[in-house]
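Convention: sequence-line order gives letters A, B, ...; per-chain numbering from 1.
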Amino acid sequence: MRFKPLTGFRDFYPAEMVIRRGIEAAWHRAAQNAGFEEFDGPVLESFELFAAKSGEEIAGQLYTFTDKGDRQVAMRPEMTPTLARMVGARANGLPKPIKWYCVPQFFRYERPQRGRGREFYQWNVDVIGSADPASDAEVISVAVDALKALGLTADDIVVRLNDRRFLSRMLKTLDVDEATEPEVLASIDKLERDPAAVKKLEERLGSKRAEKILSWCERFPIDEADELKPVLEACEDFGLGAFVEADFRIVRGLAYYTGPVWEIFDRARSLRAIAGGGRYDELIKSLGGPDLPAIGFGMGDVVLTELLRDKGKLPEDPGRVDVFVIPVGDEMRGPARRVITQLRARSLRADGPNAAIKLGKALKLAAQSGATRAVIVGPDEWSNTQVKLRDLNSGDESVVNVEEIERS
RNA sequence: GUGGGCGUAGCUCAGUUGGUUAGAGCGCCGGGUUGUGGUCUCGGAGGCCGGGGGUUCGAGUCCCCUCGCCCACCCCA
């Protein structure tokens with residue numbers, strides 16, 4: 001074959017599509033269960049919309065081109081600017097808090113590796129217009145709900161929670177000034193991956209202060225963390241006690257977070273973060289929207305699929321059809337088509353061979369189709385306007401009217 | 001952008017010190033006679049051995065270049 005998908009882009013054959021849809025179904029269900037409404041926006045936006053928020057580094061990872069109207073456009077790499085734009089346009093008319101979610105496809109020109117391509121689907125859940133810590137906990141619970149629905153437990157995953165205000169305040173107690181704070185935060189963020197991060201902290205702050213920070217990372221100073229308490233409390237109420245752990249190493253980039261921040265990891269830490277989010281009270285205004293507090297998270301399909309595969313918990317194939325309808329002899333092919341039509345009209349997934357084949361062969365196809373039952377349309381039964389219903393697992397057969405065939 | 005690993009059938013891989021017509025398993029297609037499948041059995045299709053150049057009587061195998069893929073770093077909205 002001459003053509004392959006572009007680097008970092010994926011073909012979804014039916015087997016992969018089953019997985020993706022299974023994950024997406026869990027996302028939709030969890031969000032809707034918590035009263036979130038689905039929205040979406042354009043895949044293509046003006047380049048400036050994204051450039052405004054992001055630095056140069058990020059602009060370099062944008063898929064951009066000039067369209068035929070000479071406009072600089074970009075494929076969306078994230079949802080927040082679009083969300084801010086949409087909320088901004090109707091802010092006065094929307095009841096608060098705004099609880100919205102979406103499952104958009106994103107595009108980022110990056111070097112592909114395990115858990116990361118150049119295109120992916122990401123579940124985004126946001127609450128706009130609530131400053132209450134209960135809302136922070138609620139979005140965490142929505143994220144965990146979806147993962148639980150996919151079969152993951154507190155033995156598999158952990159929500160690591162921190163707070164940007166707490167981080168800043170603790171660093172101030174060490175006399176870390178505002179200018180050096182970003183650097184220090186970046187080092188804390190890297191402590192787990194980069195052995196050099198410790199050294200960097202020591203060089204920047206001296207071994208005494210660095211040690212203090214490392215001790216907080218080792219054992220979270222929960223007694224001093226007033227900023228986190230309301231969120232942790234609400235998490236308990238949402239039944240997240242086994243999932244959530246305060247963790248001083250969670251920083252979440254350097255961007256725009258203003259309060260609680262959190263990431264979900266697999267307990268074994270064999271993968272990058274499954275999800276991440278936090279509070280960003282200033283961002284919407286800075287993007288030209290209304291001055292509303294906001295929180296949200298993103299959960300991508302790529303890492304999650306890897307984890308589910310590792311755990312043997314990939315969504316199961318529901319099969320192509322419910323029943324497979326088989327004519328016995330050529331003269332029964334017409335009646336078989338009518339049976340199929342009746343079944344489909346009643347929303348049973350039904351299929352049959354559109355070819356003259358023998359019964360044995362047709363049953364082989366039935367087994368392959370994923371159907372749990374076969375309907376055999378033979379002259380003997382059809383003369384009484386009946387058919388034979390065969391359970392393909394047990395082999396049990398019974399003669400029934402077509403109307404009696406139910407969804408199993 | 002930096003570093004490492006790997007390219008043989010749709011998939012997972014074998015292929016001897018360089019030696020005839022490049023193999024296996026799975027998958028796919030077809031047979032194994034009458035209205036009963038999955039197992040089994042027999043057969044079949046499917047390869048520019050990633051591409052180009054070189055060494056050699058002879059290259060999947062050795063050398064060089066190139067392309068592609070994977071992994072880690074960077075970054076992670």
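- Across all strands, A:Leu392 comes closer than 4.0 Å to base atoms (heavy-atom distances).
- Taking atom C1' on both nucleotides, B:G18 is separated from B:C74 by 43 Å, rounded to a whole Å.
- In this structure, A:Lys364 places its NZ atom 12 Å from C1' of B:C28, rounding to the nearest Å.
- A:Lys358 places its NZ atom 7 Å from the P atom of B:G31, with the value rounded to the nearest Å.
- For A:Thr7 and B:C69, the shortest distance from a side-chain N or O to OP1 or OP2 is below 4.0 Å.
- Comparing the same atom, C1', in B:C62 and in B:G30 gives a spacing of 43 Å after rounding to whole Å.
- Summarising the base pairing, B:C69 is matched to B:G5 through a Watson-Crick or G-U wobble pair whose two defining distances lie under 3.5 Å.
- Using atom C1' as the reference point in both B:A9 and B:G50, the two lie 14 Å apart (nearest Å).
- At the heavy-atom level, A:Gly395 lies under 4.0 Å from base atoms of the strands shown.
- Nucleotide B:U39 has no partner under the Watson-Crick or G-U criteria, as no pair reaches both atom distances under 3.5 Å.
- A:Arg111 contributes no side-chain N or O that forms a donor-acceptor pair with the base of B:C76 under 3.5 Å.
- Side-chain N/O atoms of A:Asn162 and A:Tyr257 include no donor and acceptor closer than 3.5 Å.
- Nucleotides B:C29 and B:G68 have their P atoms positioned 34 Å apart, rounded to a whole Å.
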- Item | Trace of the side-chain contact (heavy atoms from CB on, under 4.5 Å) decision for A:Arg90 with A:Met86 | CA-CA 7 Å; A:Arg90 301 198 181 173; A:Met86 289 172 65; over 6 Å; no
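- Between A:Lys190 and B:C75 there is a side-chain polar atom (N or O) within less than 4.0 angstrom of OP1 or OP2.
- Note on A:Arg76: nothing from the nucleic acid sits closer than 4.0 angstrom, heavy atoms only.
- The CD-P distance, from A:Glu78 to B:C75, rounds to 18 Å in whole Å.
- With the nearest nucleotide of RNA chain B identified for both A:Ala367 and A:Asp194, A:Ala367 has the one nearer the 5' end.
- A gap of 34 Å separates the C1' atoms of B:U55 and B:U2, to the nearest Å.
- Remark on RNA chain B: of its neighbouring residues A:Asp189 and A:Pro112, the 5'-side contact belongs to A:Pro112, judged by nearest-heavy-atom nucleotide.
- Looking at heavy-atom distances under 4.0 Å, A:Lys388 makes contact with a base.
- The pairing partner recorded for B:A24 is B:U12, the criterion being a Watson-Crick or G-U wobble arrangement whose two distances lie under 3.5 angstrom.
- Looking at heavy-atom distances under 4.0 Å, A:Ile376 makes contact with a base.
- Applying the 4.0 Å criterion to OP1 and OP2 of B:G30, one finds that A:Lys361 has a side-chain N or O inside that range.
- When the P atom is used for both B:G4 and B:U8, the distance is 22 Å, rounded to whole Å.
- Partner A:Glu263 forms a side chain to side chain donor-acceptor pair (under 3.5 Å) with one of A:Arg252, A:Arg249, A:Arg272 and no other, that one being A:Arg252.
- Base pairing annotation: B:C49 forms no Watson-Crick or G-U wobble pair, as no partner gives both donor-acceptor distances under 3.5 Å.
- The CG atom of A:Leu365 sits 12 Å away from the P atom of B:G38 (whole-angstrom rounding).
- Inter-residue side-chain proximity for A:Leu147 and A:Met299 is flagged as met; some heavy-atom pair is nearer than 4.5 Å.
- The residue A:Glu263 sits apart from the nucleic acid: no heavy atom pair falls under 4.0 Å.
- At whole-Å resolution of the value, OH in A:Tyr121 and P in B:A77 are 21 Å apart.
- The CD atom of A:Glu110 sits 16 Å away from the C1' atom of B:C71 (whole-angstrom rounding).
- Taking 3.5 Å as the limit, the base of B:A72 and the side chain of A:Arg114 contain no donor-acceptor pair of atoms between them.
- Side-chain atoms of A:Glu397 and base atoms of B:G35 include no donor and acceptor less than 3.5 Å apart.
- For the pair A:Leu359 CG and B:G38 C1', the computed distance is 14 Å after rounding to whole Å.
- With respect to A:Arg390 and A:Glu397, a salt bridge is recorded, a charged nitrogen being found less than 4.0 Å from a carboxylate O.
- For A:Arg390, no side-chain nitrogen or oxygen approaches OP1 or OP2 of B:G35 to under 4.0 Å.
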- Query: What do the steps show when you test A:Asn33 against A:Asp145 for side-chain contact (heavy atoms from CB on, under 4.5 Å), and what is the final call?
  - Reply: CA-CA 9 Å; A:Asn33 276 352; A:Asp145 272 353; 5.7 Å; no
- Task: Could you please spell out the steps behind the side-chain contact (heavy atoms from CB on, under 4.5 Å) verdict for A:Leu201 and A:Leu191?
- Result: CA-CA 10 Å; A:Leu201 271 184; A:Leu191 280 173; 4.3 Å; yes
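- Close to B:A72, at under 4.0 Å from its OP1 or OP2, lies a side-chain N or O of A:Gln113.
- The gap from the C1' atom of B:G15 to that of B:A59 amounts to 14 Å, rounded to the nearest Å.
- In this structure, CZ of A:Phe106 is placed 17 Å from C1' of B:C75, rounded to the nearest angstrom.
- Between B:G5 and B:U41, the distance separating the two P atoms is 43 Å to the nearest Å.
- Using a 30° and 60° split on the angle between ring planes, A:Trp123 and A:Trp27 fall in the parallel class, below 30°.
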